[in-house]
Enquirer: 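Have a look at this one.
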Amino acid sequence: MKKRVLFLSLPALAAVTLLSISRFDSKPSAERRPNIVVILADDLGFSDLGCYGSEIKTPNIDYLANSGVRYTQFYNTSRCCPTRASLLTGLYNQQAGIGKMTEAEDQPGYRGHLTANTVTLAEVLKSAGYQTGMTGKWHVSNTIVQKDPKAQLDWLNHKKDFGDFGPIAQYPTSRGFDRYFGNIWGVVDFFDPFSLVSGTKPITQVPKNYYHTDAISDTTVAYVKAFAKSSAPFFLYVAHTAPHWPLMAPPEDIDKYKHTYKGGWDVIRKARYDKMVKLGLIDPANTKRSTRWQDDLKWENNPDSAWDARAMAVHAAMIDRMDQGIGRLIQTLRETGQLDNTLIVFLSDNGASPENCAAYGPGFDRPNETRDGRAIVYDLKKQVMPGPQTSFASIGQRWANVANTPYQYWKAESYEGGIHTPMITFWPRGIKAKKGSLNAQVGHVMDFMSTFVELAGATYPTTHHGQPITPTTGISLVPSFQGKVVPGHEALFNEHFGARYARSGDWKLVSTSRDTTWHLYNLAADCTERQDVAAQHPDKVQQLKKRWQQWAQAHHVFPKPGKP
């Protein structure tokens, strides 16, 4: 409680909470339009929630799942900023200008920010009379970087102020959000984040006991209380940075899991798989466990077992803390009389991350010391335990493979472990499907635009600020709220740093970022992509390859269309 009081006493947050916004006090209709809350986790694995098979304590997210609908075939675009671009605009991410990351390139699909041919969920819902707010990670605008590496580190270390973190015209408050508190860039020190802003104003100081996940949650609660004073519905986008590296969490949360992962990768992976089968999330007949990544090393022979167990404990603690904040959000919605008519959506931006952030070292978005001058360790030898502010660490490939049980690969790849997200919808007044039911509609993050436009009675525009707007290709999820069986997308595509896929029906053609060889899988028989059947079905390979090339050409995708 002390942390929340300290944070809420922050002058900058008070400025956010009191920020003047337009009110839309329309007369309530007989069937009042729902409030809409989208909660996006960062680098959360497919099986990292209790309701999706995990041992991590997520009672509040589990409550949403058990009272709503869980989706078993829902897709993101495999990485943070591309997924955010697609989710916000209802388009494939290259259409929205973010094919890679936030660096500006002189190519239509790679501007590194949301381009003028797009409208955001906030802009569309605001035009329909919604109050709009956002908390957390933006990461869809160009980043302003200091050319001098020392100056950049001084900025990251909070030693010098170089002004805006990106063009103000690309900030959330310029793209339809009345209120915003969060980080403009992607990576943050959870105890003292870089690129933190209130609206457009940089926040230069945070309280001693600041923790970013709590700050996001508490500001979200403050926004709900303010919005509830109006009869107009509201839209909130809550973009958590957890559990993205660096592994940082309050000690009391880490302590909950200090023994949990001492059994190692195989024990946890099997327990998660078995629980997923029991929950009905997967069918063992067509969803076998893929071979564990780098299974040549057994846990009992792992010289770094103590460090690895601690790393996963911190990962779990970060998710646990996020869930606690979601519990406060749910309670606030209940206390303000808003819960029954609020659609809450929860999902992850991509699969768990395999990255070894210690290998990156300081620079760009990674500091080398804390504000008070303590050195930050990037420990390649696994000798400094993760968790505190002075350590930049990540769970690595083997634990990422476990977090994405039962699928192969991880963040940035187009295999199911990279693109297959847990997704939950909750709306007591509006969802008529059986509570706790599963839905197999093939969905995609771009579908939220069509869904919310329908629920809000909004209009997706053909032009905005004099610019033509690319039509959305999303499919509404509203029928699934009624328990109807809807197939969803017949075809889906992706490309990110060379990783690609084309899915048509149950057939999926995919290649990794390291190898351009196409592999073919029949997901109806092999959901975990274990048996490549490209040699047995060369015609299907050529058909899907041609469809991917046509999609790539139409969506400004790299590598250049026409390459194999």
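Quick caveat, the model's predicted, so the values are computed rather than measured.
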Enquirer: State, with a plain yes or no, whether a side-chain heavy atom of Leu88 is found less than 4.5 Å away from one of Trp138.
Expert: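 With C-beta onward as the side chain, the pair touches.
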
Enquirer: Counting the benzene-type ring for Trp, do Phe74 and His420 have ring centres under 6.0 Å apart?
Expert: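 Phe74 vs His420: aromatic centres not under 6.0 Å.
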
Enquirer: Looking at Glu529 and Arg503, is there a salt bridge between them, counting it only when a charged N and a carboxylate O are closer than 4.0 Å?
Expert: no

Enquirer: Ignoring hydrogens and geometry beyond distance, is a side-chain donor-acceptor pair present between Glu103 and Thr143 at under 3.5 Å?
Expert: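 Result is no, nothing qualifies.
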
Enquirer: Got a second to check how far Ile424's CD1 is from Asp62's CG, nearest 0.5 Å?
Expert: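 It is 7.5 Å, given to the nearest 0.5 Å.
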
Enquirer: Using distance alone, with no hydrogens and no angle criterion, decide if Thr470 and Gln95 have a side-chain donor and acceptor under 3.5 Å apart.
Expert: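 The answer is no; no qualifying pair exists.
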
Enquirer: For Phe235 and Tyr237, take the angle between the two ring planes, folded into 0 to 90°, and tell me which bin it lands in: parallel under 30, tilted 30 to 60, perpendicular over 60.
Expert: parallel

Enquirer: Will you find, in the side chains of Ser480 and Asn439, an N or O donor that is under 3.5 Å from an N or O acceptor?
Expert: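 The answer is no; no qualifying pair exists.
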
Enquirer: Do the ring centers of Tyr52 and Phe46 come within less than 6.0 Å of each other?
Expert: yes

Enquirer: Quick check, are the ring centers of Phe426 and Phe346 under 6.0 angstrom apart?
Expert: no

Enquirer: State the CG-SG distance between Leu279 and Cys51, to the nearest 0.5 angstrom.
Expert: 8.5 Å

Enquirer: Under 30°, 30 to 60°, or over 60°: which ring-plane class applies to Tyr415 and Tyr409, parallel, tilted or perpendicular?
Expert: tilted

Enquirer: What are the two closest non-hydrogen atoms of Gly99 and Gln94, and how far apart are they?
Expert: CA-CG, 3.8 Å

Enquirer: For Tyr75 and Tyr501, take the angle between the two ring planes, folded into 0 to 90°, and tell me which bin it lands in: parallel under 30, tilted 30 to 60, perpendicular over 60.
Expert: tilted

Enquirer: Arg175 pairs by side-chain hydrogen bond (donor to acceptor under 3.5 Å, both in side chains) with which of Thr118, Thr89, Thr120, Thr132?
Expert: Thr118

Enquirer: Any Lys/Arg nitrogen of Asp323 or Lys57 sitting under 4.0 Å from an Asp/Glu carboxylate oxygen of the other?
Expert: no

Enquirer: Looking at Phe227, I'd like to know if the NZ or CZ of Arg179 sits under 6.0 Å from its six-membered ring centre while staying within 45 degrees of the ring's axis.
Expert: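 Yes, cation above the ring, under 6.0 Å and within 45°.
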
Enquirer: Are Leu125 and Gln131 side-chain neighbours, meaning at least one heavy-atom pair lies under 4.5 Å?
Expert: no

Enquirer: Looking at every heavy atom in both Tyr171 and Val197, which two are closest together, and how far apart are they?
Expert: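 Closest approach of Tyr171 to Val197, heavy atoms only: CE2-CG1, 4.3 Å.
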
Enquirer: I'd like to know if Asp340 and Arg334 make a salt bridge, using a cut-off of under 4.0 Å between side-chain N and carboxylate O.
Expert: no

